[in-house]
Amino acid sequence: MNDRSLLRRAPLSWRASAYVIMIAFAVLTIFPLVWLGYSSLKPNAEIVKYPLALPKAPSFSNYAEAWKKGGLDVALLNSFLYTAVATVSTLFLALAAAFGLTKFPFASKKFFTGAFALGLMITVHAVIIPLFLLEVRIGLVNTRLGVILPYIAFDLPISVMIAISFIKGIPDAILESAEIDGAKYRQVFWLMIVPLCTPVATTMLILSFLRHWNEFLFVFIFTTKTALKSLPVAITQFAGRQNIEYGLQYASLVIGILPMIVFYFIFHSQLRKGFGEGALKE
Amino acid sequence: MRNLRSKKLSYLSFILPAFLIYVGIMVFPVVFSLALSFTKWKGFGPMEFVGLDNYVRMFSDPVFYIGLRNNILIVLVSVFGQIPLGLLLAYMLHRKMVRGAKKFEVLIFLPITISSVIVAQLWNRVFSPIGILPSIVRSLTGNSEYIMTIFESKAYAIVPIMFVLLWQHTSLYMVIFLANLQRIPDSIIEAAQMEGASEGTIFLKIIAPMLAPVAFINSILAISGSFKSFDLIYSMTGGGPAHYTEVMAVYMYDTTFVYQNYGYGSALSIIIILFIVAAIMLTRAATKKFNFD
């Protein structure tokens with residue numbers, strides 16, 4: 001960046017206000033999280049009596065108990081399963097569809113592209129009731145597939161659109177030369193298109209992971225068995241309960257938040273780019 | 001040359017897996033939802049066709065109006081709170097008004113990764129009688145009995161939720177504005193400085209108008225986001241107490257899945273979709289008008 005430009009610094013009054021606002025925002029963001037973190041290391045009595053104080057004798061016993069009582073081990077496993085299967089499937093389904101829709105000369109691609117674009121307007125609320133009835137009818141309710149399929153379907157329209165705009169930029173000559181060499185289209189896809197898509201695939205994977213990991217409604221409505229709950233649903237049901245085991249509630253919330261903070265710091269620049277572009281917000 | 005038929009088969013084999021999942025799970029149910037909204041049905045037994053009754057009923061349903069009011073308040077807090085604040089924060093960071101601007105940016109953007117239902121639970125703890133806020137008020141005022149009663153207020157119960165939404169989403173708009181600020185060449189601000197423009201003038205008269213299209217599109221996104229908002233409010237209050245914090249999506253959920261009124265629930269969901277589609281159409285039109293991609 002051009003650090004040494006002719007730009008003059010903002011006047012002192014602006015800089016002072018900037019400090020006030022930034023610090024206020026940073027404290028509001030961080031302090032509740034930090035407070036939750038250290039409070040989760042306190043026994044119940046201490047939490048009730050001295051809500052703001054640091055733990056006298058920090059202990060992880062709340063974690064062990066919350067982990068067991070809340071069934072968080074199963075929930076964590078489910079979350080991984082739902083997220084991984086849905087995210088990876090969406091990626092390859094979307095890349096394949098986008099490849100077909102950009103590099104083949106058939107008229108019907110206009111129709112298919114338009115149909116996917118229409119999907120950007122369909123929201124969860126539009127389908128949740130009939131989809132639930134449909135899943136009940138065909139026996140998908142209370143199965144993992146019954147969660148994963150809607151995850152994939154809802155992620156497809158935006159993913160196909162992103163993939164199309166990227167694959168369009170790959171020269172058509174690649175396909176033509178492959179045709180001359182007699183390569184199969186399947187090989188062209190896996191050996192040429194997929195590797196070339198790595199940059200956009202990374203962004204797609206990260207944003208899709210985030211959406212699936214934090215998803216609530218589908219799991220909440222389509223599953224009633226504890227064994228099928230994901231982390232956000234299990235934690236909400238455990239921490240939201242009107243019980244007075246505050247230490248356990250706090251510990252379960254930290255278990256939900258901490259992995260995402262780690263995720264955030266690893267992928268910060270991709271997240272910033274993905275969300276900053278704006279189009280991916282929905 | 002390869003024959004056209006096998007090429008077409010390959011083409012379809014790339015598209016159809018995605019297309020069939022998409023149509024089966026998203027397109028087909030939408031049609032069914034519309035049909036359901038004209039019926040009275042408890043989820044089992046015979047379905048009774050009632051025409052527009054469900055839609056007519058909405059107009060005399062006080063809970064529907066509370067939901068609508070709260071959805072509108074949520075839009076307002078986005079448009080007049082999150083978006084201007086996000087713009088101000090982005091400008092301050094872009095102009096490097098604080099040391100370590102990058103660090104502040106990273107910290108403030110953090111809530112984006114935390115699930116809404118968990119954000120809701122976190123803030124419920126902060127507001128609870130043994131949470132941060134009442135504890136601070138108690139030690140500042142000396143009133144050792146203080147607890148927050150705003151949640152029982154018919155008019156103001158939604159305010160803490162609006163605050164949490166501000167906490168959760170302001171940084172998203174900040175990041176969107178930052179990305180767009182970086183496309184504005186420094187020379188524009190330099191030139192204004194040479195002309196003797198004050199920082200306030202530069203911000204309000206030069207930068208803000210340049211980002212107006214972004215702000216406008218953000219506003220429309222905020223509208224559709226508001227009508228979709230379910231997770232945070234469901235987890236924080238469930239729409240209660242006595243529907244004070246009801247929003248349309250939560251009301252739709254309760255009507256359908258708790259009270260088994262599938263017809264009325266479907267009608268509510270159709271109305272939600274209409275609001276969202278209208279907002280998205282507006283976004284599209286605006287995007288074209290501002291020639292902004």
Side-chain angles (χ1 to χ4, degrees), chain A residues 5-8 10-11 14-15 18-19 22 25-26 28-30 32 35-36 47-48 51-52 93-94 96-97 99-100 104 106 112 119 121-123 125-127 129-131 149-150 152-153 156 185 210 214 216-217 221 232 235-236 239-240 253 256-257 260 263-264 268 272 275-276 278 281, chain B residues 2 8 10-11 14-15 17-19 21-22 25-26 29-30 32-33 36 92 95 97-98 104 106-108 110-111 113-115 117-118 121-122 125-126 130-132 135 167 172 175-176 178-179 186 189-190 193 199 221 228 230-231 235 249 252 256-257 262 265-266 269 272-273 276-277 280:
Chain A
S5 66
L6 295 167
L7 264 188
R8 280 198 303 272
W14 271 79
R15 278 181 282 141
Y19 272 105
M22 289 295 160
F25 252 90
L28 266 178
T29 306
I30 300 306
W35 169 78
L36 187 75
I47 291 176
V48 177
L52 293 181
L93 286 167
F99 174 54
F104 286 82
F106 298 107
F112 286 120
M121 289 202 213
I122 304 178
T123 68
H125 308 99
V127 302
I129 299 169
L131 193 57
L149 281 176
I152 297 173
L156 275 173
Y185 294 112
L210 191 62
N214 287 336
F216 178 76
L217 198 59
I221 293 180
I235 290 175
T236 307
L253 291 175
I257 292 170
M260 294 321 283
F263 172 83
Y264 175 77
H268 174 262
R272 185 183 186 279
F275 282 106
K281 183 173 174 275
Chain B
R2 189 181 306 238
K8 185 142 201 174
S10 310
Y11 158 76
F14 284 116
I15 296 172
F19 189 72
I21 294 180
Y22 159 69
I25 289 177
M26 288 178 76
V30 172
F32 191 40
S33 194
L36 264 179
M92 288 173 159
R95 292 279 286 120
M97 290 187 193
V98 289
F104 277 108
V106 171
L107 280 183
I108 293 172
L110 181 77
T113 49
I114 305 173
S115 153
V117 288
I118 293 180
Q121 294 300 327
L122 168 68
R125 301 295 166 275
V126 172
I130 55 158
I132 298 177
S135 302
W167 182 87
L172 174 63
V175 164
I176 296 175
L178 257 177
D186 281 352
I189 299 178
E190 271 168 32
Q193 285 179 337
E199 196 69 34
L221 288 174
K228 283 186 215 168
F230 175 88
D231 293 10
S235 178
M252 186 268 284
T256 313
F257 294 103
Y262 284 81
S266 297
S269 80
I272 295 174
I273 301 158
I276 294 171
V277 169
I280 293 176

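Note on naming: letters A, B, ... go to the chains in the order of the sequence lines (proteins, then strands), and numbering restarts at 1 for each one.
- With chain B as partner, the option from A:V48, A:I152, A:I122, A:I47 having the largest number of non-hydrogen pairs under 4.5 angstrom is A:I122.
- Heavy atoms of A:L210 lying under 4.5 Å from chain B belong exclusively to its side chain.
- Defined by atom type and a distance below 3.5 Å, a donor-acceptor pair is present between the side-chain atoms of B:S235 and B:Q121.
- Contact of B:F230 with chain A is made through the side chain alone, with heavy-atom distances under 4.5 Å.
- Interface remark: A:L149 contributes backbone and side-chain atoms alike to the contact with chain B (heavy atom separation under 4.5 Å).
- Of the possible donor and acceptor atoms, one in the side chain of B:S269 sits under 3.5 Å from a partner among the backbone N and O of B:S266.
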Item to check | B:V106 vs A:R272, side chain to side chain contact (heavy atoms under 4.5 Å, CB included): CA-CA, chis, key distance, verdict | outcome: CA-CA 9 Å; B:V106 171; A:R272 185 183 186 279; over 6 Å; no

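- For chain B, the nearby part of A:I235 is the side chain; its heavy atoms alone come within less than 4.5 Å.
- With a 4.5 angstrom heavy-atom cutoff, A:I129 touches chain B via backbone and side-chain atoms both.
- The contact between A:W35 and chain B is made entirely by side chain atoms (from C-beta outward), counting heavy-atom distances below 4.5 Å.
- What you find for A:P232 and B:V117 is that their closest heavy atoms are CB-CG2, 3.8 Å.
- Shown here for A:P32 and B:V126, the closest heavy-atom pair between the two residues is CB-CG2, 4.1 Å.
- With a 4.5 Å cut-off on non-hydrogen atoms, A:F263 touches chain B through its side chain but not through its backbone.
- Listed options B:I273, B:I130, B:I189 were ranked by heavy-atom pairs under 4.5 angstrom with chain A; first place goes to B:I130.
- For A:L36, the part lying near chain B is the side chain, with the backbone staying farther off; criterion is any non-hydrogen pair under 4.5 Å.
- Across B:T256, B:I21, B:V98, the residue that shares the most heavy-atom pairs under 4.5 angstrom with chain A is B:V98.
- Heavy atoms closer than 4.5 Å to chain A are found in both the backbone and the side chain of B:Y11.
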Item to check | Check against side chain to side chain contact (heavy atoms under 4.5 Å, CB included), A:L7 and B:R95 | outcome: CA-CA 9 Å; A:L7 264 188; B:R95 292 279 286 120; 4.1 Å; yes

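- Looking at B:M26, the atoms closer than 4.5 Å to chain A (heavy atoms on both sides) sit in the backbone and in the side chain alike.
- Across B:K8 and A:F106, no two heavy atoms sit closer than the pair CA-CZ, 3.4 Å.
- Both the backbone and the side chain of B:L110 come within less than 4.5 Å of a heavy atom in chain A.
- The aromatic rings of A:F104 and B:F14 are tilted relative to each other, their planes meeting at an angle between 30° and 60°.
- Among B:I132, B:L178, B:I276, the residue with the largest count of heavy-atom pairs under 4.5 Å with chain A is B:I132.
- Residue B:I272 touches chain A through its side chain alone, counting heavy-atom pairs closer than 4.5 Å.
- Applying the side-chain contact (heavy atoms from CB on, under 4.5 Å) criterion to B:P29, with sequence neighbours excluded, gives A:V127, A:P130, A:L131.
- In this structure, A:Y264 and A:H268 have perpendicular ring planes: the angle between them is above 60°, well past the 30° mark.
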